[in-house]
**Student:** 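Got a structure for you, written out below as structure tokens; questions coming shortly.
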Amino acid sequence: MIKNTLILVIFVCGSILFGQESTENQNEDSSKYPVYRGCDKESSNKALEDCSKRKIMTFIKMSFDIDMASRVMPLEQSTQFLLEFTINTKGKIEHVNAKANHKAIAIEAIKVAKRLPKFKEPGFSNGEAVDTPFSLLMTLYFQ
């Protein structure tokens with residue numbers, strides 16, 4: 001009887017250990033960062049995140065109306081703003097919000113963010129597409 005109980009305990013402990021290991025690997029594989037155009041969707045999550053952030057920042061820098069910013073703030077050489085939005089389950093941008101030290105800068109940041117192209121793929125968690133919140137603090141320099 002003791003021998004059977006000991007075998008059962010070893011079997012249960014072994015199952016728990018292996019079960020935890022496979023769950024950790026499953027969690028790593030089941031969540032995926034949204035894929036921006038031009039980024040390789042086969043990359044790791046960290047590489048996808050870096051690529052997407054870099055491409056989004058480049059898009060914003062190229063699209064932001066720097067002349068407007070220098071007119072609104074003639075004595076300043078730079079401005080900072082916080083841009084927040086959600087990448088929905090279809091890869092589109094929604095719920096855009098911006099915070100800046102001047103209302104015109106925030107409005108321009110929102111306009112630019114709304115023009116971001118649709119993502120190749122949305123974010124995934126546990127194999128299902130999910131809304132992914134995104135925030136970005138940017139500093140733009142102008143003269």
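In this text the structure is predicted, and so the values were computed from the model without any measurement.
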**Student:** Does this structure show an ion pair linking Asp67 with Arg71, if we count only N-O contacts that are shorter than 4.0 Å?
**Tutor:** no

**Student:** Hydrophobic clustering (ILVMFWY, side-chain heavy atoms < 4.5 Å, transitive) - are Leu116 and Met138 grouped together?
**Tutor:** yes

**Student:** Using the rule given for side-chain contact (heavy atoms from CB on, under 4.5 Å), can you reason through Val96 versus Glu84, listing the C-alpha separation, both sets of side-chain angles and the distance that settles it, and then say yes or no?
**Tutor:** CA-CA 6 Å; Val96 182; Glu84 300 172 324; over 6 Å; no

**Student:** With a 4.5 Å cut-off on side-chain heavy atoms, are Phe119 and Ile56 touching?
**Tutor:** yes

**Student:** Do Met57 and Leu136 make a side-chain contact, defined as non-hydrogen atoms from C-beta onward lying under 4.5 Å apart?
**Tutor:** yes

**Student:** Might you work through the side-chain contact (heavy atoms from CB on, under 4.5 Å) test for Met68 and Ile105, ending with a clear yes or no?
**Tutor:** CA-CA 8 Å; Met68 179 277 306; Ile105 302 297; 4.3 Å; yes

**Student:** Answer yes or no: is there an ion pair linking Lys114 with Glu94, defined by an N-O contact shorter than 4.0 Å?
**Tutor:** no

**Student:** Write down the atom of Ala100, the atom of Ala106, and the distance for their closest heavy-atom approach.
**Tutor:** CB-N, 3.8 Å

**Student:** Are the side chains of Lys32 and Asn45 in touch, meaning some heavy atoms are under 4.5 Å apart?
**Tutor:** yes

**Student:** When you compare the side chain of Phe85 with that of His95, does any pair of heavy atoms fall below 4.5 Å?
**Tutor:** no

**Student:** Using side-chain heavy atoms (C-beta onward) and a distance below 4.5 Å, is Pro34 in contact with Phe134?
**Tutor:** no

**Student:** Just do the side-chain contact (heavy atoms from CB on, under 4.5 Å) check on Lys120 and Cys39 with the steps written out, would you?
**Tutor:** CA-CA 9 Å; Lys120 274 192 212 178; Cys39 297; 5.6 Å; no

**Student:** Ignoring hydrogens and angles, tell me if any N or O in the side chain of Ser43 forms a donor-acceptor pair with the backbone of Asp40 under 3.5 Å.
**Tutor:** yes

**Student:** What distance do Leu83 atom CG and Ile110 atom CD1 have between them, rounded to the nearest 0.5 Å?
**Tutor:** 8.0 Å

**Student:** Carefully, step by step, assess Phe64 and Phe81 under the rule ring-ring contact (aromatic ring centres under 6.0 Å, His included).
**Tutor:** CA-CA 12 Å; Phe64 202 89; Phe81 59 89; 5.4 Å; yes

**Student:** Hey, are the side chains of Ile87 and Asp131 touching, using non-hydrogen atoms and a 4.5 Å cut-off?
**Tutor:** no

**Student:** Side chains of Asn101 and Thr79: any donor to acceptor distance under 3.5 Å?
**Tutor:** yes

**Student:** What is the minimum heavy-atom distance between Gly123 and Thr132, and which atoms define it?
**Tutor:** CA-OG1, 3.7 Å

**Student:** If you look at every heavy atom in Ala113 and Ile93, which pair is closest and at what distance?
**Tutor:** O-CG2, 3.9 Å

**Student:** For the residue pair Asn88 and Pro122, establish whether any side-chain heavy-atom pair is separated by less than 4.5 Å.
**Tutor:** no

**Student:** If two hydrophobic side chains count as joined below 4.5 Å and joins carry through other members, does Leu48 share a cluster with Val130?
**Tutor:** no

**Student:** Check Ile66 against Leu140 and note the closest heavy-atom contact, atom names and distance.
**Tutor:** CD1-CD1, 4.2 Å

**Student:** Taking the side chain as every heavy atom from C-beta outward, state whether Phe59 and Arg37 have any atom pair closer than 4.5 Å.
**Tutor:** no

**Student:** Within this structure, what is the NZ-SG distance for the pair Lys46 and Cys51, rounded to the nearest 0.5 Å?
**Tutor:** 12.5 Å

**Student:** Linking I/L/V/M/F/W/Y whenever their side-chain heavy atoms sit closer than 4.5 Å, directly or via other members, would Val35 and Phe124 fall into one cluster?
**Tutor:** no

